[in-house]
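Contents: one structure, followed by commentary.
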Amino acid sequence: MIATITSPRSRAEFFVEPERDGRFSGPATGDERRMLVAFLADHRATLELKCAGLEAELARRSVEPSTLSLLGLVRHLADVERRWFRQVLAGQDAPPRFSSAEDPDGDFDGALSDPAAVEAAWAAWRAEVAFAESFVAEAPDLDVEAVDAWRGKVSLRWVLIHMVEEYARHNGHADLLRERIDGAIGI
């Protein structure tokens, strides 16, 4: 009998089967807005995928004394979405939901293993993503500008690129956190 040698699967294939994964299949040429929006949507979907099937475990900390957790990432990214799209670009008076000047790490420190807290974090994140998607869809172009206290003048283009970077960095954290929680690996 001849042994069949199969090639090892990539880490990416362990988390979600390639044929079921619709992420990162958006346009690779053409309109800049479509590409940026697609990349950001794919990174948002990655965060959701990394948290899928977990409830109380979402608040599990990475390694003491760090307060980094998947739930903290959801809360943090809800505040980041809110800051850039509501506060800066839309000019709304919309303070962060989970952190403050008095508690700048409240997004992570306050991430507790409570079903109501998990539900509230996801609801906040989804509301901020919906607002951001609507804002981008209604913007006349990527050159829409606003003034930010940290960066000065910023454009919608810069915010979208920054958001892709923000999610990419934190999705890397989510990879490690998820693997530590239940061994799930992949992108």
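Residues Trp84 and Glu166 have side chains not in contact (no heavy-atom distance under 4.5 Å, counting atoms from C-beta outward). Side-chain contact between Ser134 and Glu138 is present, with at least one heavy-atom pair separated by less than 4.5 Å. Using a 4.5 Å cut-off on side-chain heavy atoms (C-beta onward), Asp148 and Val159 make no contact.
Here the closest heavy-atom approach between residue Leu142 and residue Ser155 is recorded as O-CB, 3.7 Å. Heavy atoms only, all atoms of each residue included: Ala111 and Gly72 are closest at CB-N, 3.7 Å. Minimum heavy-atom separation, Ser99 to Pro104: CB-O, 3.6 Å. In terms of heavy-atom proximity, Leu36 sits nearest to Val164 at O-CG2, 4.3 Å.
By the 6.0 Å contact criterion, CD on Gln92 is enclosed, its count of non-hydrogen atoms from other residues, nucleotides or ligands being greater than 12.
Distance alone, capped at 3.5 Å, is enough to place a donor-acceptor pair between the Thr46 side chain and the Asp42 backbone. Looking only at distances, no side-chain donor or acceptor of Asp79 sits under 3.5 Å from a matching main-chain atom of Pro96. Listed for the Arg82 side chain is no donor-acceptor partner under 3.5 Å among the backbone atoms of Gln87. Looking at Asp109, its side chain never comes within 3.5 Å of a backbone N or O of Thr67 through a donor-acceptor pair. No donor-acceptor pair under 3.5 Å is formed between the side chain of Arg86 and the backbone N or O of Glu128. A donor-acceptor pair under 3.5 Å links the side-chain atoms of Arg178 to the main chain of Lys50, judged by distance alone.
Between the CG atom in Leu112 and the CG atom in Leu71 there is a gap of 8.0 Å [rounded to 0.5 Å]. Rounding to the nearest 0.5 Å places NE2 of His162 at 11.0 Å from OH of Tyr167. Here CZ of Phe135 is found 6.0 Å from CG of Leu156. Values are rounded to the nearest 0.5 Å. Atoms CZ and CG, from Arg83 and Leu89 in turn, are 10.0 Å apart once rounded to the nearest 0.5 Å. Atoms SG and CG, from Cys51 and Leu58 in turn, are 5.0 Å apart once rounded to the nearest 0.5 Å.
Note on Leu177: it clusters hydrophobically with Leu54, by side-chain heavy-atom contacts below 4.5 Å among ILVMFWY residues. By the criterion of side-chain heavy atoms lying less than 4.5 angstrom apart, applied directly or through intervening Ile, Leu, Val, Met, Phe, Trp or Tyr residues, Val37 is not grouped with Met35; the two fall into different hydrophobic clusters. Phe98 and Leu73 sit in two unconnected hydrophobic clusters of ILVMFWY residues. Membership requires side-chain heavy atoms under 4.5 Å apart, directly or through other members. Linking ILVMFWY residues whenever their side-chain heavy atoms come closer than 4.5 Å, directly or via other members, places Trp150 and Ile161 in the same cluster.
Between His170 and Phe108, the ring planes are tilted. Angles from 30° to 60° get that label. Under the 30°/60° scheme for interplanar angles, the aromatic rings of Trp122 and Trp125 are found to stand perpendicular.
A salt bridge links Glu165 and Arg169; the closest N-O separation between the charged side-chain nitrogens and carboxylate oxygens is under 4.0 Å. A salt bridge links Arg44 and Glu133; the closest N-O separation between the charged side-chain nitrogens and carboxylate oxygens is under 4.0 Å.
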Apply side-chain contact (heavy atoms from CB on, under 4.5 Å) to residues Asp182 and Glu57 and explain how you reach the verdict.
CA-CA 9 Å; Asp182 66 1; Glu57 300 92 346; over 6 Å; no

Could you go through the side-chain contact (heavy atoms from CB on, under 4.5 Å) check for Arg97 and Arg75 one step at a time?
-> CA-CA 8 Å; Arg97 294 174 181 258; Arg75 290 163 52 102; over 6 Å; no

List the steps, then state whether side-chain contact (heavy atoms from CB on, under 4.5 Å) holds for His43 with Met163. CA-CA 9 Å; His43 276 292; Met163 292 301 294; over 6 Å; no

TODO: Begin with the C-alpha distance, continue with both residues' side-chain angles, and end with the deciding distance and a verdict on side-chain contact (heavy atoms from CB on, under 4.5 Å) for Ser69 and Arg61.
DONE: CA-CA 5 Å; Ser69 68; Arg61 308 294 192 206; 3.8 Å; yes

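By the side chain to side chain contact (heavy atoms under 4.5 Å, CB included) test, Asp141 pairs with Arg33, Asp143, Val144, sequence neighbours left out.
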